[in-house]
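Since the structure comes first, as structure tokens, the remarks are kept for the end.
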Amino acid sequence: MKIVVLLKMVPDVVEELELGPDGRSLDLELLRLIINERDEHALEQALLLKERHGGTVTVVALDAPEIDDVLFTALARGVDRVVKIEGAPETLTTHGAASLLAGGLPDIPDLLPADLLLTGCQAMDDLDAQTGPFLAQRLGLPYVGVISGVEVDLEAQRAFVSKEYPGGMHGDFEVTLPALLGIQAAATAPRYVPVAKVRAAMQSGEVEAISPSAQPEPPLVEVLKMMKLEAAGHAEMLEGSVEEVAGRVAELLGERGLL
Amino acid sequence: MAGNIWVMAEQWNGGISEVTYELLALGRELADGLGVSLEVVLLGHEAEELAAGLGEADVVLYGDDPALQEPTAEAYSRVLTAVIRERGPHGILIPVTNVTWDLLGLLPAELGAPLLNFCKDVGVADGRLEARCLLYGGKMEANVAATGTPAILGVMAGARAADGPAAGEAPPIERFPVSLPEAPRTELQRYVEAEAGDVDLTQQEVLVAVGRGIGFQDNVELAEELAEELGGAVCGSRPVIDQGWLSLSRQIGKSGVIVKPRLYVAAGISGAPEHVEGMKDSEMIIAINTDPEAPIFSVAHYGIVEDANDVMEALTEAIQEAKG
């Protein structure tokens, strides 16, 4: 089975986020990028399917700071081939990035058609597009997202996927292959890979690079102004030592009859 | 003449979701602001009676086909694309839920139309729609305008208060023809009910919720001790469930359970919109997080910028002391 996983780098929201000088985007100088968490689950799901059905997993990502490390780590986890698409402007919106990917994928030799393309069903920087459905539409593939379970019947060219609904409900879908799936969670948590293995992959592995023939599509939305959420605007912040704060909370709970 | 404002009714599993009425309240403001009509789109199969509660809208545009019985994004996107191209609405409000999530991706791609996602509010400025959108796990907000029409707007739950189905006379229904000539490539086979958990989280008066910020699975124990002292139960946000630290039945949020306990302690939870949706109506929310800019502090009543594990431990002791 031939599987393609699409990875994307997003701001690490655990870190402090600062506005850039234009007041309409993040300050890229200070930004720490990490792999989109849902994409990590997509990668894990791909590796689980490869273990079960054989075949190959190729990871494709837009070029970004530290993307090589991410791609070598993917090789160390068991991916067969990693490709980065170069020439992405720094300030692409989700729509721009997805359109560059859609234009670049057909340029990668021996990649398409694949049986299955997997990506995260959501990313921290989603605003004006979702990568998965956008690619599916441009590549003419069926799409189902918010998936937390994938089974494949290769002979029948079908995937059986479990989509999450509100309230803990699931929907079982049958999907015709080839297809693009938006992964919410892999069957098991993304695997850990020792640093030594990543180093070995850096020694022996190769990150392919391609320049796409297509340009990103122009944006259809205009960000007028960006601002930090006034996080503490609502909460009364309790200050002091941990013990003092705990004592104060216990008092508050007592006053409300919660003890 | 500007096009009308549309609201996409969320219809699934035999009913209309509550969030639909919230969007109708918002849609009414926008339609009045633009001086146009408010129309609600209802897709389904033999589901016309569901239109009765949608009276906030001036008209119900109803499309019927066996393939539309449940909202699969492929069929919905095709049908909507056709009717949108034909009638040219100004903007379409679609709720952001797991039911509609795929449609929010496919529809703008199909139409080549602007998408404004995660809107917590939408208004009219200079004759165009302008939204306040949540970004980066709810840590940032942006004012965003669509540069063209039709604009697709993904609207979060809670954007407006809603009173539920409209009373009084059913709105006029306008059926439009549906054509789905190609065989579907994605088919819903069945719904699977939620795994019954060992506790019903919706019935708990006190919940201690843990997130990634507790660091390690072993620290779930600190939450269990605190919950026991408070006579409540432990639950968690998505990352904790994905790590396998808690079972799926303990998940609060968009894919999980919606709760309104008397007390909700959010320990090491950043407050991503998907989580907040599940707990924002709790009577008293106490949030503990090392990041002073964590969005959870915007919904909490009391905030503590500390390590969640330290505070949970100290709080358990303080409560034991207070109880004597």
Side-chain angles (χ1 to χ4, degrees), chain A residues 11 13-14 16-17 124-130 132-134 137-138 142-146 164-176 182 185 189 220-238 242-243 245-247 249-250 252-254 256 258-259, chain B residues 74 97-99 101-102 105-106 109-110 114-117 133 135-148 185-194 242-244 255-257 262-263 284 286-287 293-295 297-304 306 310-311 314-315 318-319 322-323:
Chain A
V13 300
V14 173
E16 199 174 324
L17 300 179
M124 282 295 173
D125 61 350
D126 280 351
L127 171 68
D128 58 348
Q130 292 176 38
F134 187 91
Q137 197 279 334
R138 290 296 189 270
Y143 178 84
V144 181
V146 204
E164 295 187 3
Y165 280 83
M169 271 182 77
H170 282 76
D172 288 342
F173 277 77
E174 188 176 329
V175 185
T176 309
L220 299 169
V221 304
E222 190 185 343
V223 177
L224 305 167
K225 187 182 173 203
M226 195 178 284
M227 58 232 110
K228 287 188 180 192
L229 181 79
E230 277 183 42
H234 185 255
E236 179 185 335
M237 302 308 281
L238 304 177
V242 167
E243 285 71 28
V245 167
V249 172
L252 285 166
L253 298 182
R256 299 219 176 186
L258 283 159
L259 293 187
Chain B
E74 184 182 37
T97 74
N98 277 359
V99 178
W101 184 242
D102 300 354
L106 280 176
E110 190 76 41
L115 169 70
L116 309 175
N117 215 347
C133 300
L135 269 167
Y136 306 117
K139 227 171 163 175
M140 308 291 278
E141 299 183 338
N143 290 345
V144 188
T147 54
R185 299 172 299 174
T186 60
E187 269 188 285
L188 175 68
Q189 307 290 313
R190 68 191 74 81
Y191 286 121
V192 181
E193 290 293 333
D242 284 348
Q243 289 297 323
S255 297
V257 185
R262 287 181 65 200
L263 171 64
M284 182 183 189
I286 300 175
E293 293 181 1
F297 292 128
S298 72
V299 286
H301 303 97
Y302 295 96
I304 302 163
E306 283 288 352
D310 292 348
V311 175
L315 186 53
I319 291 167
K323 284 180 173 175

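Residue numbering restarts at 1 for every chain, and letters A, B, ... go by the order of the sequence lines.
- Within the 4.5 Å cutoff, side-chain heavy atoms of Phe297(B) are placed close to those of Met237(A).
- Using a 4.5 Å heavy-atom threshold, the side chains of Cys133(B) and Leu127(A) count as touching.
- Arg190(B) places no side-chain N or O within donor-acceptor distance of the main-chain N or O of Phe173(A), the cut-off being under 3.5 Å.
- Annotation: side chain of Val249(A) is in contact with side chain of Ile286(B) (closest heavy-atom distance under 4.5 Å).
- Residue-environment remark: CD (Glu193(B)) stays at or below the threshold of 12 foreign heavy atoms within 6.0 Å.
- No other option in Val245(A), Asp126(A), Val146(A), Leu238(A) has as many heavy-atom pairs under 4.5 Å with chain B as Leu238(A).
- Taking the side chain as every heavy atom from C-beta outward, Met284(B) and Leu252(A) approach each other to under 4.5 Å.
- Counting only heavy atoms from C-beta outward, the side chains of Glu141(B) and Met226(A) never approach each other to under 4.5 Å.
- Contact annotation for Glu306(B): only side-chain heavy atoms (C-beta onward) come within less than 4.5 Å of a heavy atom of chain A.
- Between chain A and the options Ala318(B), Gly244(B), Ala300(B), Ala146(B), the largest number of non-hydrogen pairs under 4.5 Å is found for Ala300(B).
- The parts of Ala145(B) that come within reach of chain A are both its backbone and its side chain, each placing non-hydrogen atoms under 4.5 angstrom from that chain.
- Here the side chains of Tyr165(A) and Val99(B) are in contact, with some heavy-atom distance below 4.5 Å.
- In this structure a side-chain-to-backbone donor-acceptor pair under 3.5 Å is missing from Glu243(A) to Val311(B).
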Legend entry - Audit row: Arg262(B), Leu258(A), side chain to side chain contact (heavy atoms under 4.5 Å, CB included) steps and yes/no: CA-CA 8 Å; Arg262(B) 287 181 65 200; Leu258(A) 283 159; 3.9 Å; yes

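- The line from CG of Asp125(A) to CG of Leu135(B) is 8.0 Å long, rounded to the nearest 0.5 Å.
- Shortest non-hydrogen contact noted between Pro114(B) and Leu220(A) is CB-O, 3.3 Å.
- Of all non-hydrogen atoms in Ala109(B) and Pro133(A), the two that sit nearest each other are CB-O, 4.4 Å.
- Interface summary for chain A: among Leu188(B), Leu106(B), Leu263(B), the most heavy-atom pairs under 4.5 angstrom belong to Leu188(B).
- Asn143(B) contributes no side-chain N or O that, together with a main-chain N or O of Lys225(A), makes up a donor-acceptor pair within less than 3.5 Å.
- Listed for the Lys139(B) side chain is a donor-acceptor partner under 3.5 Å among the backbone atoms of Val13(A).
- For the pair Val192(B)/Met169(A), no side-chain contact is recorded, criterion being any heavy-atom separation below 4.5 Å from C-beta on.
- Taking chain B as the reference chain and counting heavy-atom pairs below 4.5 Å, the highest number among Val175(A), Val144(A), Leu224(A), Val223(A) is found for Leu224(A).
- Residue Pro11(A) touches chain B through its side chain alone, counting heavy-atom pairs closer than 4.5 Å.
- Among Thr176(A), Val242(A), Asp172(A), Val221(A), the residue with the largest count of heavy-atom pairs under 4.5 Å with chain B is Asp172(A).
- The shortest heavy-atom contact between Leu17(A) and Met140(B) is CD1-CG, 4.0 Å.
- Contact record, Gly167(A) with Ala194(B): O-CB, 3.5 Å, taken as the closest heavy-atom pair.
- Taking both residues in full, the closest heavy atoms of Leu259(A) and Ala322(B) are given as CD1-CB, 4.0 Å, listed atom of the first, atom of the second, then distance.
- From Asp128(A), atom CG reaches atom CG of Asn117(B) across 9.0 Å, with rounding to the nearest 0.5 Å.
- Listed by chain and number, the residues in a side-chain hydrogen bond (donor to acceptor under 3.5 Å, both in side chains) with Asp310(B) amount to none (sequence neighbours excluded).
- Listed options Ala189(A), Pro142(A), Ala246(A) were ranked by heavy-atom pairs under 4.5 angstrom with chain B; first place goes to Pro142(A).
- In this structure, chain B has a heavy atom under 4.5 Å from the side chain of Arg138(A), while its backbone stays farther away.
- At least one side-chain heavy atom of Lys228(A) sits under 4.5 Å from a side-chain heavy atom of Glu293(B).
- For Glu222(A), the salt bridge (charged side-chain N to carboxylate O under 4.0 Å, His left out) partners at least two apart in sequence or on another chain are Arg128(B).
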